[in-house]
Amino acid sequence: LVIESLCKGNTVMEVNVTAMDNYDLVELKGRIDSLTAPQLSDTLTEITHQNIYKIILDMSDVSYVSSAGLRVLIDIQKTCKKLDQGEVLLINIPKRVYETLELAGFVPLFKFFNNVSSAISAF
Amino acid sequence: MSVQPSQHSEKNKFDYTKIREFINLTEILTSQKNLETQFNDIVKILQKSFACNIQIWLSEICVKLGRFDELDNKVSILSQLSPIMEKASFEKHIIPNPESIANETNFPMVIASPLIIEDRLWGIIQVEKIDKVCFSYEDFNFIKSLSNILSLGINQYWQEYHNDELNNIISDLKSIVQINQSIFSDLNRDSLQNSTVSLLYQKFGFTRVNLYTVREDDKHHYLQTGISCDGIVMRVIHVGEEESNPFAWCNEHQEIVVINDTHDDDRFPLTLFERDTNSELVVPLFQGEQFIGALELCSDRLNIFDVATINNYKLIADTITFAIRNANLYQSEHMSRFVGERLQEVIGSLSVDISLDVVFNKILEEISKFIDYDGGAIWLIDSADNGPGVDQYSSKFHLAAFQVKSRLSREIQLTRSGDSNEQLDHFIQNKYDANELFQMHPWAFEVINANIAKIREPSSVYEPLGALLDYKNDYSAIGMPLVVKNQSIGVIIFVHHLSEQYGNETKSLVSVIANYASIAIENTRLYAVAHDQAWVSTVLLQIAEATQSITNLDELLETVVGILPDLIGVQACAVFLWDPSIEAFVIGGSNGFDEEQSARLEAWDLSSGSVIAFEKLKEFISPIVLNSDTISDEIATSIFPNYDLDNELLILFPLITQNNICGALLVDFTSSNLDINSSQEVWDEKYTLIQGAARQAAIAIENLQLVKSQEEEAYISVALLQVAQAIVSLNQLEEILGSIVRITPILVGVKRCIIYLWDEKELVFRQSQYFGFSRSDLELMGQVIKGNEYPFIDAIHKSNQIIYHPLGINHSPLSWSEISAGEYLVLEEMKSEHDVEVSVRITDRSLNMRERLLIGFPISIKSENLGVMLIEEEDLVRGTPSQHIREKRIEIVKGITQQAAIAIKNELLQQEAVKSEIMERELQLAREIQAAFLPDKIPQYPGWDFDVRWQPARQVGGDFYDILCLDQDKIGIVIADVADKGMPAALFMTLIRTLIRAAAKEKPSPSSVLKQVNELLIPDTKNGMFVTVFYGVLSLRSGKFVYANCGHNPPILKQTNRDELIELTRTGMALGIFSDIDIDDRELIIHRGDWLMLYTDGITEAFSLQGEMYGTERLFTTLLDNDFTNPKSLLDVVEGSVFKFIDGADLSDDMTLTAIFREKA
């Protein structure tokens, strides 16, 4: 499937996790759609399984988020906020992705920042 | 005739009595409750005062207010107005007019006095003197006053009556609303029926209320929920054609039955009714055109049903119909989902340790929670090569699982006390005897070939279960074929002793079950096959281990016959070798026969042409059964005097090398647990095993012969040919690899060999087949190996080259993983000029030939690495060690690994194909479910034009649209998208659809509908699942459109007088995430000439081959560039534009479009 989508000229998603002192920084690249969403979900679940609930998602290079992608974001946000232990913060969100969140009414579920440092102070 | 006016003095006196009368009268009238008494009193007073005739005319309403037929005889009620009355009615005044009379001398002898209050004419009283004395002026006033009092009385009476009526109507309406509300929110059908009858009983004071609902399209059986003073009773009733009670009549004629007096109805004799029933109403329930039941209302009062009340009950009946439909939908869909989940759990619990039988029985047990059955069974077809049709004469069946409910089995025991059902016992204990049963009761064949669930007709022939349980002929049965890969593999049947127990609901449930059962069977079969293979390969491994170190032919043959009987579980065996020099088979050894029999076999003359069985063996190269066809009587008596060959099983297996017979293996199955009646499966297993043993024995034999001849080149090609044959003749990967690791030692003489397969997904190596390792070593070496844990394997895999490492004398396989990067050497591969021939050369000539090597081979095709094979050279006890032989050996093993690579790749491709087939089947099911729940036709309303497009993606998304008819003027328009794909999306969509439909009937505003749906959804959503919904209510007359948009793509409105497009943006968050969310309503008017288009993200998020997204801008441009006159042209253009854009790329999501045009004036 990955090859198939490569053939179509679509970029595949890349996930890069950096563990920081009290949070994890997750850099995302490419498309979060029904093909790549499971991979993102696995990565994020792995983080929360280590009892890390403060997560910063760097969305700067995300080109597209489908409804499957939105599900992953909501799911992980619910998990992180469940016991007031943390939160998922979004930084550098491209306009088009923000509009997708806005369309479904999910903007109030997330906080948005321009860079990591301003996000950290919000934890 | 002249008339004298009364005297003034008399008038005064008269006045006085009149006034007294007046006072009396008012007292009487105010204390009277009864209108006819009031009339009687007034008449009495008039007649007391005058000698007169009194005639009365009453208005239509007034007639209703009292029983005027009971008035005194002296009064006559006129049905038509007299001339003077007509004048009074017209002028609404007493006639003659007193003012005109005052100036006249001639007073009249007839007076007509209207009964009037506030312009409402109740009636007219006409008083006619019979004593020829004229009325005086005072008489006039007296009569007028009396009339007024009477009018007041009537009016008061009417007011009371009217209030009663009004109150009744109000309370009826209240009750209806209440009933509607409470039954709409009830999605459980039983409790729905209960609460409906209870409410009707309480609110309307009927003596009994019955609700009949048809049992799943079965015209003759109804579920009756009845309530009376005895409480609620639910039961199933049968409506035969011969009965003629009101319900049966309603059932037959399908129209409303009104009986206002049970004592006087031509259609029904009084005896049909309960004693306390005086009036009765039966309202049919129609779902569309379909009659689904009736509501029966009985009262002890007479004449209680008039047009108005009947309409009310019709209204309630409509509501009940809707509620039942909703409940049915909800229940069957919830049910299917629930059943699916439960069965999935059962299937999920499958493992190697659980046998097929256990799984089937578990499935039957699980199903008993959903389907009421007395007996259930699963039969499987043994022979799968019959093609798609299953033939009752050639297919073999065996019973795979069987359950009889304990309640029933007790009954059986009771009815047959002592004489237990022998047939049933026989059936359970001899599961392979099913065929005879099927031949006798062929209904099961109909089921298997039907492809869908089949319900037995009461008059049908018996199916096997019903026959065994000895049911009456009208018992119920439902069956469904189990299908895997379009092939029927079995059948599942449930029976119930009562008649007509199963209908459409059960049918769809059984379909779901059969689907899951098929998957379970397939899975379990795969497990079972893997399990069997493990056993087979263990046995073959032992044979290989036992034979590989033997260098002497006699010893080898002895070993083979020595271990076979115990390993395979047969009585005895003997091996014969073909000796071409004398053209005869010669016995090589036997085991398990008694001495006399052994001697007979030793003495057997097997020269060419003398024994038919051996001739056939050479001709067909396949196993031959020894019987009267293959063994002459003479031989049978001389060689097999103790065998009854036609009833005992002796089979001759060929020992084959390169399609030539090198010998034969005679196996005696007598008194083993295998007999002619054993199932195909058991037989297949043993058969495979013996064939494998025979093959291995043959290879060993030939190898020994070849070693003798020392023909090396021939040896290599023969060796590879043998491997190739093994691969071609087997079709399971593990079997092939097992065969490879067993053949390799025989061919090239290695001490140990093992294959690891590369798992591309998990990035690990998995231990596959092996030879020469102790169990404990294997365990310690690990089943799953990560590259970094085992540098030697990792190096082979990464370099894709053959590498080796010298092993010390006491080197254990456990230390292989410790060989580090610097310690191994890469084997140089020599390529000829044309890169065609490849040979290997060990460059390190200093290598001590006495040192054994561990050699690792990549198993790869082109550059794709599929695994590695490790071999450990054998201890050099045999032959002269030479570098040359070592190189040849490596060449052979390299050839073997190439064969292995082909087999592995083949298997991987096959797995993918199977996986995609299963997925495809699920997708198909999901598509069907989804399509079934979308409206099949778009309703059309005058002044409006609707059109819809729905294009499912290959991987079904959860789009749906719906158009609800709310009332005569209002319709609800829904478009929604579930954030999921495949089966879960389809099922979720049906749930939301039902919830919206239920809520839309209850709640007036779109926002409140979606709020309720959201709350009901929350418990069902998992993993961030959500659904975007747009729901609007359109008033057809005014064009008013009230909507709520929960995170859905904004529908687009184009107004006729404006150039830009208006988006109906979000008024709330998508549903299913948080409870208690804020949703607003918005309102606009769709004017004449305007249009509205609704769509899902499948449109805007359609991707081109270049990965570009269609997007809203493109959509807007498309919409603005064209002038649309009807919805079809609009949708054609939009759809065309999207398809052109994606240019043949797959749809990534469902595409749904709805367009609504309001026609121009």
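Excluded from the calculations below are hydrogen atoms, water molecules and symmetry mates; all remaining heavy atoms, backbone and side chain alike, are included. Convention: sequence-line order gives letters A, B, ...; per-chain numbering from 1.
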On a heavy-atom basis, which atom in [X] and which in [Y] lie closest, and how many Å separate them?
X	Y	result
A:Ser34	B:Lys981	OG-CE, 3.5 Å
B:Gly1024	A:Asp75	N-OD1, 3.7 Å
B:Ala1070	A:Phe106	CB-CZ, 3.6 Å

Rounded to the nearest 0.5 Å, what separation is found between the [atom1] atom of [X] and the [atom2] atom of [Y]?
X	Y	atom1	atom2	result
B:Thr1028	A:Leu103	OG1	CG	7.5 Å
A:Asp33	B:Glu1101	CG	CD	10.0 Å
A:Ser67	B:Asp1149	OG	CG	6.0 Å

Item to check | Contacting region of A:Glu102 [heavy-atom separation from chain B under 4.5 Å] | outcome: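 For A:Glu102, heavy atoms of backbone and side chain both lie under 4.5 Å from chain B.
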Item to check | Residue part contacting chain B, namely of A:Leu70, when any heavy atom lies under 4.5 Å | outcome: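 Both backbone and side chain.
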Item to check | Part of B:Asn1045 within contact of chain A (heavy atom distance under 4.5 Å) | outcome: neither
Item to check | Region of B:Asp977 in contact with chain A, defined by heavy-atom distances below 4.5 Å | outcome: neither
Next on the checklist: Any side-chain to backbone donor/acceptor pair from A:Lys78 onto B:Ile1073? Under 3.5 Å, distance only.
Outcome noted: yes
Next on the checklist: Show me the pairs that pass ring-ring contact (aromatic ring centres under 6.0 Å, His included) and involve residues 49-68 of chain A, at least two apart or across chains.
Outcome noted: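 Qualifying pairs: A:Tyr64-B:Phe1103.
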Checklist entry - Counting only heavy atoms not in B:Glu1113, do more than 12 fall under 6.0 Å of its CD? => result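 It does not: B:Glu1113 CD has 12 such atoms or fewer within range.
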Checklist entry - Do other residues, nucleotides or ligands put more than 12 heavy atoms under 6.0 Å from the NZ atom of B:Lys786? => result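 Result for NZ/B:Lys786: open.
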